[in-house]
Protein chains: 2
Amino acid sequence: MSSEKRALTERKKQILKAIVDAHIEGGEPIGSKYVLKNQQLNCSSATVRNEMAELEEMGYLEQPHASAGRVPSELGYRFYVDSLIERYAMTTNEIAQINALLKAKMGELDQILLAASNLASSMTNYTGIAIKPRVNSVLIGTFEAIYLEPDHYILVAVDSDGNVKSKHLRTDAPILTQVSLAKLTRVLNTHLTGLSAEQITLPLMMKIEAEMGSDSSLVNDVIKVIYDLLNEPDNGEMRISGIDRLLQYPEYSDVSQLQELLGTLEKKEDILNLVSQSENEDISVVIGSESQVKVMNNSALVFKPIVKDGKTLGAIGVLGPRRMDYAKVLATLEGLSGNISNIIHANKQLNGGEPDGGK
Amino acid sequence: MSSEKRALTERKKQILKAIVDAHIEGGEPIGSKYVLKNQQLNCSSATVRNEMAELEEMGYLEQPHASAGRVPSELGYRFYVDSLIERYAMTTNEIAQINALLKAKMGELDQILLAASNLASSMTNYTGIAIKPRVNSVLIGTFEAIYLEPDHYILVAVDSDGNVKSKHLRTDAPILTQVSLAKLTRVLNTHLTGLSAEQITLPLMMKIEAEMGSDSSLVNDVIKVIYDLLNEPDNGEMRISGIDRLLQYPEYSDVSQLQELLGTLEKKEDILNLVSQSENEDISVVIGSESQVKVMNNSALVFKPIVKDGKTLGAIGVLGPRRMDYAKVLATLEGLSGNISNIIHANKQLNGGEPDGGK
DNA sequence: TTTAGCACTCGGTTTGTTTGAGTGCTAAAC
DNA sequence: GTTTAGCACTCAAACAAACCGAGTGCTAAA
């Protein structure tokens with residue numbers, strides 16, 4: 001009644017912050033007395049109670065049941081994350097840990113992401129998530145055909161992002177030679193480099209076939225494979241680490257809730273969508289039912305895209321109870337993503353292997 | 001006392017089987033009356049009780065507490081799996097399901113395994129596991145260096161099993177040309193093909209360097225990468241699907257137990273060891289603490305290696321409570337592995353991509 | 001507007017009771 | 001010797017009553 005529904009008074013903010021902090025810490029509802037004890041407030045518990053009642057009316061707090069303390073609502077958490085949070089400063093120790101562990105894994109982006117998600121999980125004590133988002137428009141890069149046996153060769157394709165994919169191929173008639181494969185390589189590179197998968201047309205294929213002369217029988221198979229390689233497999237990927245940590249938190253001791261959450265993680269789709277759709281390069285905090293993902297009602301997902309040259313290569317994230325230690329999680333993800341960027345940019349050998357190979 | 005500790009009488013077998021079956025079904029301890037009801041036995045519950053007491057003495061049954069029914073012991077399950085089990089016959093419907101779903105995924109072994117583990121999970125309603133075991137002795141196969149930019153190229157290496165691995169490389173001095181890379185390719189293939197990683201010696205490296213002439217500066221980097229590629233990354237991989245299913249079973253409603261189990265799954269090491277060490281091509285059933293993996297006390301792991309040309313390419317398995325429906329699980333894994341073998345053998349494009357890319 | 005005081009609420013815990021499935025044992029029957 | 005019927009006993013699970021206490025809302029005074 002003091003504040004006319006608009007902004008929160010300083011005291012309200014202080015009380016809200018105290019409640020969120022305390023609830024993150026302990027997971028229990030917070031009462032007026034407790035707030036008073038741990039905060040520097042020049043008023044009595046009764047006043048705090050009044051304030052709390054108002055905060056509840058405004059939607060920032062809620063009461064699990066009539067005679068219990070207050071718990072932050074979704075809106076409360078949102079406000080907390082957006083304006084109240086004090087950024088957690090990582091200790092030099094933690095920074096060193098990140099550096100050491102990530103450096104050891106440098107090489108494949110996949111491995112880096114996975115390692116980062118593991119780290120995120122163990123540092124924050126929530127569940128870590130490593131994500132390779134869906135990508136939709138890759139251009140064809142370079143090809144190379146590798147001879148193995150007279151009827152058996154490997155086609156290696158590099159896309160415009162430098163991802164390497166490969167496929168074994170066999171011919172019906174054993175006509176392969178190193179020479180014919182070299183020709184194949186040359187012709188493919190001449191005609192296909194720079195195109196998108198959709199730009200491979202029948203006339204183009206026929207032109208290629210014509211140019212291959214006596215080895216034209218190879219072309220049909222090859223094109224199909226190329227199409228497959230560039231198009232189909234990249235539906236994104238997601239790896240989870242530290243699910244066991246969820247169990248520490250009493251909010252997941254309800255088996256049915258936990259089961260639902262695990263089911264969502266299992267499907268991967270929802271979360272993958274969520275992350276793939278995010279346009280922001282910054283850290284996103286998705287609290288409970290803010291997202292389309294219904295199940296995560298008392299959970300929160302924090303993730304940070306890993307961007308290079310304007311392209312989103314992946315994301316690392318953390319999943320945990322709604323009362324997550326946001327300050328620490330944000331700092332950790334920030335730190336990790338910084339390090340990943342460093343590694344990706346600075347290193348000589350980067351992004352090896354096939355980023356999609358493991359899917 | 002009737003049987004002198006050696007073999008089980010027919011009646012004892014019948015009773016044991018009845019108890020295991022019933023316990024698999026319901027998860028509760030089984031009493032003498034229940035056995036009598038559901039079995040064709042010409043005796044009274046008292047007799048059954050006597051028999052059960054003897055079976056307990058022999059170690060096949062145990063009592064959760066003094067006045068409860070009996071539950072099969074580890075030994076009991078072992079005996080059941082080894083001799084009592086009636087193989088479950090898959091319905092044609094189920095067989096068709098396997099075929100359809102696996103065919104759609106043909107291509108990468110990784111993908112097949114993953115799909116198979118998903119299938120195994122959904123068909124048995126336990127947790128599915130897809131495993132790529134550690135491999136220890138790979139020989140170097142073919143190389144190919146792909147030119148990208150004056151200071152940037154990709155090295156593609158194929159090992160003797162046909163696995164393709166790749167790595168991006170950059171040079172300090174931009175001296176790369178298509179020609180120099182072709183030379184590199186040729187020299188590497190000449191000297192390294194057929195060797196194991198351990199056989200790359202310093203003299204050999206120097207010889208290669210000499211042969212590369214003006215481009216010898218590439219050699220050092222390349223060799224290091226080769227070593228990495230062939231050696232380090234292959235610590236096996238393991239993917240889990242359907243963890244949420246575990247929660248259906250009351251044995252995992254104890255949070256601490258569940259947490260331990262998830263922790264073991266998380267580490268992956270133990271299970272990977274277990275599977276990698278198995279020399280058998282047949283289905284293995286690991287019940288509870290039979291294995292070194294301590295945690296799985298009330299769980300069982302059933303897995304079947306996927307073998308091609310005498311080489312173990314991977315394994316699919318199922319993890320669930322000790323009172324698992326072994327008949328169904330065995331049949332499912334048998335069926336799946338059969339189909340995988342078919343696909344792997346019959347198909348022209350096989351085992352593409354990097355089997356280890358996703359690690 | 002703040003504060004002190006007080007009655008009230010209500011989930012959680014403790015404690016006690018009941019219930020019933022299941023056993024082991026014994027003595028009689030086959 | 002084996003099987004059976006009967007009975008006393010055990011013990012976890014389910015239910016109920018009682019209690020506790022943190023926390024609230026409200027009122028009346030400061």
Side-chain angles (χ1 to χ4, degrees), chain A residues 1-4 8-12 14-16 18-20 22-23 25-58 60-73 250-251 253-254, chain B residues 1-5 8-12 14-16 18-20 22-23 25-58 60-73 76 250-251 253-254:
Chain A
M1 293 156 187
S2 70
S3 70
E4 235 42 54
L8 293 177
T9 64
E10 273 312 309
R11 192 170 64 190
K12 280 208 179 58
Q14 192 183 357
I15 290 175
L16 178 54
I19 291 176
V20 177
H23 186 251
E25 179 78 20
E28 306 272 278
I30 310 299
S32 52
K33 260 187 209 157
Y34 186 93
V35 172
L36 203 66
K37 204 131 270 172
N38 295 52
Q39 288 296 113
Q40 194 65 24
L41 279 172
N42 302 333
C43 61
S44 76
S45 68
T47 312
V48 176
R49 275 204 294 281
N50 286 336
E51 296 283 59
M52 282 164 74
E54 281 178 46
L55 279 169
E56 179 171 6
E57 203 185 342
M58 293 167 152
Y60 292 107
L61 295 178
E62 46 199 33
Q63 233 176 345
H65 61 88
S67 77
R70 299 310 208 289
V71 157
S73 70
E251 25 271 274
S253 60
D254 173 10
Chain B
M1 292 151 195
S2 72
S3 70
E4 236 42 51
K5 214 97 206 202
L8 292 178
T9 64
E10 273 313 308
R11 192 169 64 190
K12 280 207 180 60
Q14 192 182 358
I15 291 174
L16 179 54
I19 290 175
V20 177
H23 187 250
E25 181 78 19
E28 307 274 278
I30 310 300
S32 52
K33 259 188 208 156
Y34 186 94
V35 173
L36 203 66
K37 204 131 269 172
N38 295 52
Q39 288 298 113
Q40 195 65 24
L41 278 173
N42 302 331
C43 62
S44 76
S45 69
T47 311
V48 175
R49 274 203 293 285
N50 287 334
E51 296 283 57
M52 281 164 76
E54 281 179 46
L55 280 169
E56 181 171 4
E57 205 186 342
M58 294 167 156
Y60 293 106
L61 296 177
E62 45 198 35
Q63 235 175 342
H65 60 88
S67 77
R70 298 309 207 291
V71 156
S73 69
E251 26 271 274
S253 61
D254 172 10

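Bear in mind that the values here come from a model prediction, so they are computed numbers and not experimental data. Side chains are part of it too, since the values below use all heavy atoms of this structure and drop only hydrogens, waters and symmetry mates.
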Nearest-Å distance for atom pair [atom1]/[atom2], residues [X] and [N]:
X: A/Asn42; N: C/dT1; atom1: CG; atom2: C1'; value: 14 Å
X: A/Leu41; N: C/dT3; atom1: CG; atom2: C1'; value: 14 Å
X: B/Glu51; N: D/dT3; atom1: CD; atom2: P; value: 7 Å
X: B/His23; N: C/dG22; atom1: NE2; atom2: P; value: 13 Å

*Any A/Thr47 side-chain N or O less than 4.0 Å from OP1/OP2 of C/dT3*: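 So the side-chain polar atoms of A/Thr47 do come within 4.0 Å of the phosphate oxygens OP1 or OP2 of C/dT3, strictly under.
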_Closest to side chain of A/His65, choosing from D/dA5, C/dG11, D/dT3_ =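 Looking only at side-chain atoms, A/His65 lies closest to C/dG11.
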*Are A/Leu55 and A/Arg70 close enough that some pair of their side-chain heavy atoms sits under 4.5 Å apart?*
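Counting from C-beta outward, A/Leu55 and A/Arg70 never come under 4.5 Å.
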*Once each nucleotide of nucleotides 21-30 of chain D is scored for protein heavy atoms under 4.0 Å, what B/S/- sequence comes out, 5' to 3'?*
--SBB-----
*asked:* Give me the atom names and distance for the closest heavy-atom approach of A/Leu36 to A/Cys43.
replied: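 Heavy-atom minimum between the residues: CD1-O, 3.2 Å.
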*Which heavy atom in B/Met58 sits nearest to a heavy atom in B/Leu8, and how many Å separate them?*
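For B/Met58 versus B/Leu8, the nearest heavy atoms are SD-CD2, 3.6 Å.
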_Runs of at least three Watson-Crick or G-U pairs with DNA chain D, cut-off 3.5 Å_ =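 Listed by first number, the stems are C:1-30 with D:1-30.
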*For atom CD of B/Gln39, decide whether the heavy atoms of other residues, nucleotides or ligands shown that lie under 6.0 angstrom number more than 12.*
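More than 12 heavy atoms, drawn from other residues, nucleotides or ligands, come within 6.0 Å of this atom.
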_Among residues at least two apart in sequence or on other chains, which ones pass side chain to side chain donor-acceptor pair (under 3.5 Å) with B/Gln14?_
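Not a single residue meets the side chain to side chain donor-acceptor pair (under 3.5 Å) criterion with B/Gln14.
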